2 protein chains.
Amino acid sequence: MQTQQLDRTFAALADPTRRAILMRLMDGDALLKDLAEPFDMSVPAVGKHLKVLEEAGLVSRRRDAQRRPCHLEAEPLKIAVDWLEEYRQFWEARYQQLDALLAEKNKE
Amino acid sequence: MQTQQLDRTFAALADPTRRAILMRLMDGDALLKDLAEPFDMSVPAVGKHLKVLEEAGLVSRRRDAQRRPCHLEAEPLKIAVDWLEEYRQFWEARYQQLDALLAEKNKE
DNA sequence: TTGTTTATAAACCAAATAGTTTAGTACAAT
DNA sequence: ATTGTACTAAACTATTTGGTTTATAAACAA
């Protein structure tokens, strides 16, 4: 199943540091050193966040001498959106007077 | 900021029990007792999951005598999707040969 | 060879999470 | 008045999370 994939993806996204890292990687690959720089946090701490992102498949790393550049992988995000899209009818209904219909359903 | 809102929403979604509860509430409001029934878990345990969902604003509860029926609130899901949508260009690009462009950016 | 850069490992800690059981409250129904 | 139903509170426990510091490794540069 992809339920564990969703677990890991959503858990990875539940932290502001990790979301900021993903944002940053939208502008291009980056080193741990540089990713860590904007945060008031040690390099190993950011390294751990990176591991969480890697294990969720949101980030991949290649080798370049002693460096390990990080690359954004969007596939798990796509899966997460797909899951959330199922609820779209719900919030779209709100703007379309379908509330009455749902309220009726809840009377049972 | 809505960063804490995102924290709580994604954290709430990172658990399969909680996602199942949300799914279930798509079919209409429900009592804790009934929500708990399908799970191999005590009622208080499911009650705690419900509290997480409530604190994320994903579920609201009204009063009905000794019952406290749960209702799905989709707004935080919408906010989560909005955040994720920023990455859509990324996974759509993959299917449009824009990878070359990104690769070039990463050479710097 | 010595030092510098980048990353990781290990040991540690505090706080949060996810569950349990037991007990109690609030209301309804008989 | 008593019993049953739905929920909540409290106390406890084990595991995970998110950070620290110190030390080490690996590759490069002088």
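Naming: A, B, ... by sequence-line order, numbering from 1 per chain. Note that the structure is predicted; figures quoted are calculated from it, not measured.
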Practice problem: Would you give the length of the straight line joining atom CD of B/Glu54 to atom NE2 of B/His49, rounded to the nearest 0.5 angstrom? | Solution: 14.0 Å
Exercise. Round to the nearest Å and state the distance from B/Lys33 atom NZ to C/dC27 atom C1'.
Key: 15 Å
Exercise. Starting from C1' on C/dT6, measure out to CD on A/Glu37 and report it in whole angstrom.
Key: 15 Å
Quiz item: With a 4.5 Å limit on heavy-atom distance, are the side chains of B/Asp7 and A/Arg19 in contact?
Solution: yes
What's touching nucleotides 25-30 of chain D from the protein side, N or O pairs under 3.5 Å?
none

Quiz prompt | Nucleotide C/dA18, atom P - distance to CD of B/Glu55 in whole Å | solution = 12 Å
Practice problem: Output yes when A/Arg88 and A/Glu85 qualify as a salt bridge under the 4.0 Å nitrogen-oxygen rule, no when they do not. | Solution: yes
Quiz prompt | Nearest-angstrom distance from the residue atom CG of B/Asp29 to C1' of D/dA6 | solution = 16 Å
Quiz prompt | Global bending angle along the helix from C/dT1-D/dA30 to C/dT30-D/dA1, which compares the axes of five pairs at either end, to 10 degrees | solution = 10°
Self-check item: Any donor-acceptor pair under 3.5 Å from A/Arg68 side chain to A/Arg63 backbone
Solution: no
Output one line per pair: protein atom, nucleotide atom from nucleotides 15-21 of chain D, and distance, for all N/O pairs under 3.5 Å.
unit_1	atom_1	unit_2	atom_2	d
D/dG18	OP2	A/Arg18	NH1	3.1
D/dG19	OP2	A/His49	NE2	2.0
D/dG19	N7	A/Lys48	NZ	3.1
D/dG19	O6	A/Lys48	NZ	2.3
D/dT20	OP1	A/Ser42	N	3.4
D/dT20	OP2	A/Ser42	N	3.0
D/dT20	OP2	A/Ser42	OG	2.6

Self-check item: Whole-Å distance separating the CZ atom of B/Phe39 from the P atom of C/dA18
Solution: 14 Å
Exercise. Could you tell me the separation between the CZ atom of B/Arg19 and the P atom of C/dA18, rounded to a whole number of Å?
Key: 12 Å
Quiz item: Hey, is B/Asp34 close enough to B/Arg24 for a salt bridge, meaning N to O under 4.0 Å?
Solution: no
Quiz item: Please give, in whole Å, the distance from C/dT17 C1' to B/Leu53 CG?
Solution: 14 Å
Quiz item: Do you reckon B/Val52 sits in the same ILVMFWY cluster as B/Leu77, going by side-chain contacts under 4.5 Å, direct or chained?
Solution: no
Quiz item: Roughly how far apart are A/Trp83 CH2 and A/Thr9 OG1, rounded to 0.5 Å?
Solution: 12.0 Å
Quiz prompt | Cluster link A/Leu32 to A/Ile21, ILVMFWY, side chain under 4.5 Å | solution = yes
Self-check item: Electrostatic pair A/Lys78-A/Asp82, nearest N-O below 4.0 angstrom
Solution: yes
Self-check item: Option passing side chain to side chain contact (heavy atoms under 4.5 Å, CB included) with B/Cys70 (candidates B/Asp29, B/Leu53, B/Leu25, B/Leu31)
Solution: B/Leu25
Quiz item: Parallel, tilted or perpendicular: which describes the rings of B/Phe10 and A/Phe10, with under 30° parallel and over 60° perpendicular?
Solution: parallel
